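Below, chain A is the first sequence line, B the second, and so on; all start at residue 1. Not measured: the values here are computed from a predicted model.
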Protein chains: 2
Amino acid sequence: MYTSNALKAELHERGWRLTPQRETILQVFQQLPKGNHLSAEELHDKLQDLGTPISLSTIYRTVKLMARMGILRELEFAEGHKHYEINQPAPHHHHHLICVQCNKAIEFRSDSVLKIGAKTAEKEGFHLLDCQLLIQAICPQCQRSIVPNA
Amino acid sequence: MYTSNALKAELHERGWRLTPQRETILQVFQQLPKGNHLSAEELHDKLQDLGTPISLSTIYRTVKLMARMGILRELEFAEGHKHYEINQPAPHHHHHLICVQCNKAIEFRSDSVLKIGAKTAEKEGFHLLDCQLLIQAICPQCQRSIVPNA
DNA sequence: GTACGTGCAAATGGTTTGCAATCGT
DNA sequence: ACGATTGCAAACCATTTGCACGTAC
């Protein structure tokens, strides 16, 4: 479990600061049920509800920062906005099968894919942050009903 | 090679039409050097240069349509805009290793990943369109110089 | 002839940014 | 005290959409 102190240390290492906002956002993601992910907008709403409102700008700045630090995963389906979730250590990374018509998403795991990702990054001297397989497909329900300009 | 006639047939199958614009856009993608991909904006410029201008709206509508038909692959790196390329038959699909700092991209292939993608889609009854492994990482050059709000 | 498709210009909507005030160190 | 960070509102920019005209069939 990634603690506030770890976050603080990592921020300091780079000359940055630990703020209540950053701490709160980290907590929200940690308490999120496994497999869940939030968009910036959803995180904003959730923080309202929790009684610790944080401005949208700060949310965008923070999730971007944490994604770059490798603390969050940035997920990009075909919906036009990004989702974020805690970046589990590699063995827990999961992948997505999504329907390009209705956006239905199915999560799955694959050790082989993770292994390939790790190996590829290593070979090129890159520091691995995240590794996601995105399968775009058409789900059974949508296979009979393609609409032109939806 | 996917011909104009094949496109025409597939469009008609769904009650749509083959227009000069759709035909031209297909040709441009087919003549694109292997591994290249274009954003909507880039395609727009290229069509200007070729002397067959097509409006941006039509371009957006067309690439979206073709991506849904499985003719184009929609690539989404972390740059904020999508890129498109011809959707090769499965064995030629490739994947991307990108640096989240400088956006440098490295392409690679992996039959195992494609196999896993195909199997997963099949198991769920989905009709596979595309399968991309996205590895987000930090390249050697950027590993020493992380900037906060770039 | 009848939808469908195109081009234009305007709207949309997620995300970013400038700036003054505030806060962490 | 200094520079990083926040919040607000305005700006951005890729993409979408309404509508009138044109065109594939």
Take atom CD of B:Glu122 as the centre, draw a 6.0 Å sphere, and report whether it contains more than 12 heavy atoms from other residues, nucleotides or ligands. no

Side-chain N,O ([X]) to OP1/OP2 ([N]) below 4.0 Å:
X       : N      : result
A:His81 : C:dT15 : no
A:Ser55 : D:dT6  : no
A:Tyr60 : C:dT16 : no
A:Thr58 : D:dG7  : yes

Expressed in angstrom and rounded to an integer, what is the separation of [X] atom [atom1] from [N] atom [atom2]?
X       : N      : atom1 : atom2 : value
A:Leu11 : D:dT6  : CG    : P     : 10 Å
B:Glu23 : C:dC4  : CD    : P     : 21 Å
A:Leu56 : C:dT16 : CG    : C1'   : 11 Å
A:His44 : D:dT6  : NE2   : P     : 14 Å
B:Leu47 : C:dG7  : CG    : C1'   : 14 Å
B:Glu76 : D:dT15 : CD    : P     : 9 Å
B:Ile25 : C:dG5  : CD1   : P     : 13 Å
B:Gln21 : C:dC4  : CD    : C1'   : 12 Å

Take the angle between the ring planes of B:His96 and B:His37 and call it parallel below 30°, perpendicular above 60°, tilted in between. perpendicular

What orientation do A:Tyr84 and A:Phe29 show, parallel under 30°, tilted 30 to 60°, or perpendicular over 60°? perpendicular

Has the side chain of [X] got a donor or acceptor that lies under 3.5 Å from a partner of the other kind on the base of [N]?
X       : N      : value
A:Arg22 : C:dG24 : no
A:Thr19 : C:dC23 : no
B:Arg17 : C:dC4  : yes

If you check every side-chain atom of [X], which of [options] has the closest atom?
X       : options                : result
A:Pro20 : C:dT15, D:dT6, C:dG24  : C:dG24
B:Lys64 : D:dA14, C:dT16, D:dT16 : D:dT16
B:His12 : D:dC25, D:dG7, C:dG14  : D:dC25
B:Arg61 : D:dT15, D:dT17, C:dG14 : D:dT17
A:Trp16 : C:dT16, C:dT25, D:dA4  : D:dA4

Look at the side chain of A:Asp130 and the backbone N and O of B:Gln136, then say whether any donor-acceptor pair between them is shorter than 3.5 Å. no

Do A:Arg22 side-chain atoms and A:Met66 backbone N/O form a donor-acceptor pair below 3.5 Å? no

For B:Lys8 and B:Ala40, take the nucleotide of DNA chain D holding the closest heavy atom to each; which residue's nucleotide lies nearer the 5' end? B:Ala40

Check whether any side-chain heavy atom of A:Ile135 lies under 4.5 Å from a side-chain heavy atom of A:His95, and answer yes or no. no

Both B:Pro53 and B:Gly15 contact DNA chain C. Taking the nearest nucleotide for each, which residue is further toward the 5' end? B:Gly15

